[in-house]
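Worksheet: the structure to be examined is printed underneath.
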Protein chains: 4
Amino acid sequence: MMRPPSSTTDRLEAFSDGVIAIAITLLILEIHVPPARQGHLLDALAHQWPSYVAFVLSFVTIGIMWVSHHSMFERIAAVDRKLLFINLLLLMGIGFLPFPTSLMATYVREGGTNSHIAAAIYSSTLVAIGIAFSGMWLHMARRPWLLAPGVPLERMQIAFKRSLVGPGLYLLTVGLAFISAPACFVAYALISLYFAAGPSSKVVTPADPAELDPDEAA
Amino acid sequence: MMRPPSSTTDRLEAFSDGVIAIAITLLILEIHVPPARQGHLLDALAHQWPSYVAFVLSFVTIGIMWVSHHSMFERIAAVDRKLLFINLLLLMGIGFLPFPTSLMATYVREGGTNSHIAAAIYSSTLVAIGIAFSGMWLHMARRPWLLAPGVPLERMQIAFKRSLVGPGLYLLTVGLAFISAPACFVAYALISLYFAAGPSSKVVTPADPAELDPDEAA
Amino acid sequence: MMRPPSSTTDRLEAFSDGVIAIAITLLILEIHVPPARQGHLLDALAHQWPSYVAFVLSFVTIGIMWVSHHSMFERIAAVDRKLLFINLLLLMGIGFLPFPTSLMATYVREGGTNSHIAAAIYSSTLVAIGIAFSGMWLHMARRPWLLAPGVPLERMQIAFKRSLVGPGLYLLTVGLAFISAPACFVAYALISLYFAAGPSSKVVTPADPAELDPDEAA
Amino acid sequence: MMRPPSSTTDRLEAFSDGVIAIAITLLILEIHVPPARQGHLLDALAHQWPSYVAFVLSFVTIGIMWVSHHSMFERIAAVDRKLLFINLLLLMGIGFLPFPTSLMATYVREGGTNSHIAAAIYSSTLVAIGIAFSGMWLHMARRPWLLAPGVPLERMQIAFKRSLVGPGLYLLTVGLAFISAPACFVAYALISLYFAAGPSSKVVTPADPAELDPDEAA
């Protein structure tokens, strides 16, 4: 009759998974059915190519963030209030991403200053999310009592350092945004490929979380 | 082949988490991509600053509500029909919040009566949600058979009393709304900070739910 | 390393909970911020009262459906393909409800034939959902091997019969719709009250699912 | 205090379930309340029949995809990085479906080239999703260490071969799209019926995943 004590850590991961799943699925609402005269639908659809590119890039980016987030929570056994709120900031960044995605899709084709602004805002959002990720790793690297049993503190410190690569790369694209917005599309795709790569045959469900490769921290 | 009996309490918390996660993520749909002439996107984006402020405030407010809701459910071992329906009212309030958020974002900059009305409706929604929270605590404080083992009834009575602080503070902002809507923004931020504060290094996953600090009831 | 075998029944309930949680939370998207001249926001908001009524009614109705759905799944230990698809039809009805809600909100104030049509469509959707619920009870009442251990088949037959009350009552409101749409609002509220009522102090998490009151089948 | 190690496989299935549940429920947002003069609401609603047909077809199609996805995950005990990303592509396809659904609903009635294009895009999306499904089966059929205990590799090879039927059938509808878009509606319905059929009285929660009928792989 009494339920087993539910874990705040599990609940927090489930709640975060929910927000991430909703944000990733809401992206499609930013792609609109274009009006088209008879026989011109294909042109009208082709015309809004930045919408599809932005959809795919944001979908893959959020998908990789889910992998990173889950990978992080595999090392967490308990959460404190501060971690709860850094995680909320992280979710706010991910929940905000559909807006810059739509902004990018609308203004990239136009070129000029507007496209630079749109790309810079998209890049800045990714920088902010990356900083929140790094903040979570740093927080854990200093609080061994929050870690899952058997996870050595040094691993977390390495994970924190590696987690800085993401926001660092995205910071470079803020600069790139003021040169060319379409170039940013290419850069986001390359960064996603970089994160998606890694030993692809490696089983991601290890018997022992301590054995996880720190590469996954990124 | 037979599954373990699922707990209504767990299911109710998961369902509530779902509604809260969706409400928090739908907030972004209220921020629209503004039309802008070439070179004027930054101005157009800056112009809709209340949208971003309202997004952040509502996101953080709902996030804190999730923490409170989970914290409450850690003390619940069983639910009765009445608790089920108070919880439904609570979810209705949270699910309604994207509307006053959008109302606030639209009318706060305009100033005058319209901005006062918008802020008063936003504040009233938060009062209503707070009352639903207090109603749940009160309900539990009177029904020891619903509580998790080891949770003393006195703790619940203290939690109920402390839970009145939230709707009390938000009631004051209903008054403030008729003086200044932007001042309400500041007030909401301060109230969120008040709730987010507390012993931030404290581990939120205690071994024994009875040991939880009644401060978290707010 | 190997995960425990996941239960299709649990997964199906979780998936259904997800759809129900999303449908209930999407309802708010049908309430729009009205344009209003300075000082006329309250009038503009009051003008769209049917939107709020429709929101509350649909929210409570879907909330009660969640309770019924969960209550039903407490008696299910296994699912077959047919149950899977009756459940999908049920979810389709619930997922469709935001549309008649919006239809009702738009046309009820106008009165005349349009309001009758809108109300009749809303009522018909509820009849269809109710039939799907009854279909699930009937399916289970004939297949003891799908039931949780200790749940007697006679209880399911009683539950099936009682489950016919819902679509029956809603069928009456299809007729009422052609007399008065606002009267339907009152009828929906009364039907919800009828379902929400019952022994409210009763603990809904019983030790033994077989002891559950067949009243909850409705 | 320490939570049990959470399984990446379980989390991935829960995340996928979330995305699928959201995509299926967002479909209703594509059905709009039509403007109608007094007494003409029924005509206006009847006029947008393709919206309802597209809603029902996509709802059932995604529902069947959920069944297939869950059925697949019952054989998975561990995931590797590559499976993670094939699954992400699969989710992207499902998350994209609301757009071609809306496209189809808008252009099918108009006839001519535009309706052919819309139907071809809808069909192509289903082909892409089907290929992603087959990709997952193929990946598993070659990696016995990812399979649940007792699932023979030969079953997975059969499952992979059978999974090619889906994209094969949908590929035929790409061709059909250029003859008649409404005919595609009929074809999608027949394909769904084909997948929904099968031994409907069969219990889908077997004691032993190895005993599952390979028919369910489709």
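Below, chains carry the letters A, B, ... as their sequence lines are ordered, and counting in each starts from 1. Side chains included, hydrogens not; waters and symmetry mates left out as well; all remaining heavy atoms used. Remember, it's a predicted structure, so these values are computed and weren't measured experimentally.
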In terms of heavy-atom pairs under 4.5 Å, which option from [options] contacts chain A the most?
| options | answer |
| --- | --- |
| D:A23, D:P98, D:G95, D:S16 | D:G95 |
| D:L29, D:D17, D:L103 | D:L103 |
| D:N114, D:I117, D:T113 | D:N114 |

When rounded to the nearest 0.5 angstrom, what is the spacing between [atom1] in [X] and [atom2] in [Y]?
| X | Y | atom1 | atom2 | value |
| --- | --- | --- | --- | --- |
| A:E74 | D:S7 | CD | OG | 8.5 Å |
| A:F195 | D:F85 | CZ | CZ | 10.5 Å |
| D:F99 | A:H32 | CZ | NE2 | 10.0 Å |
| D:L84 | A:I64 | CG | CD1 | 9.5 Å |

Practice prompt. Could you tell me which residues in residues 118-131 of chain D have at least one non-hydrogen atom under 4.5 Å from a non-hydrogen atom of chain A, sorted by residue number?
Written response: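 When heavy atoms of chain A are the reference, residues 118-131 of chain D contributes D:A118, D:I121 within the under-4.5 Å range.
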Worksheet item: Taking all non-hydrogen atoms of both residues, which atom of D:G18 and which atom of A:A21 are closest, and how far apart?
Response: C-CB, 4.3 Å
Measure the shortest side-chain to side-chain distance between [X] and [Y] over non-hydrogen atoms and say whether it is less than 4.5 angstrom.
| X | Y | value |
| --- | --- | --- |
| A:D10 | D:R11 | yes |
| A:T25 | D:L26 | yes |
| D:H116 | A:L41 | no |
| D:L91 | A:F59 | yes |

Per-residue contact mode, [X] against chain D (heavy atom under 4.5 angstrom):
| X | result |
| --- | --- |
| A:I31 | both |
| A:L45 | side chain |
| A:A44 | neither |

Discussion item. Classify the ring geometry of D:F96 against A:F55: parallel below 30°, tilted from 30° to 60°, perpendicular beyond 60°.
Written reply: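 Ring orientation of D:F96 relative to A:F55: tilted.
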Discussion item. Taking side-chain hydrogen bond (donor to acceptor under 3.5 Å, both in side chains) as the cut-off, I'd like each qualifying pair that reaches into residues 88-109 of chain D, sequence neighbours left out, listed once.
Written reply: D:E30-D:S102, D:H47-D:R109, D:S58-D:T101
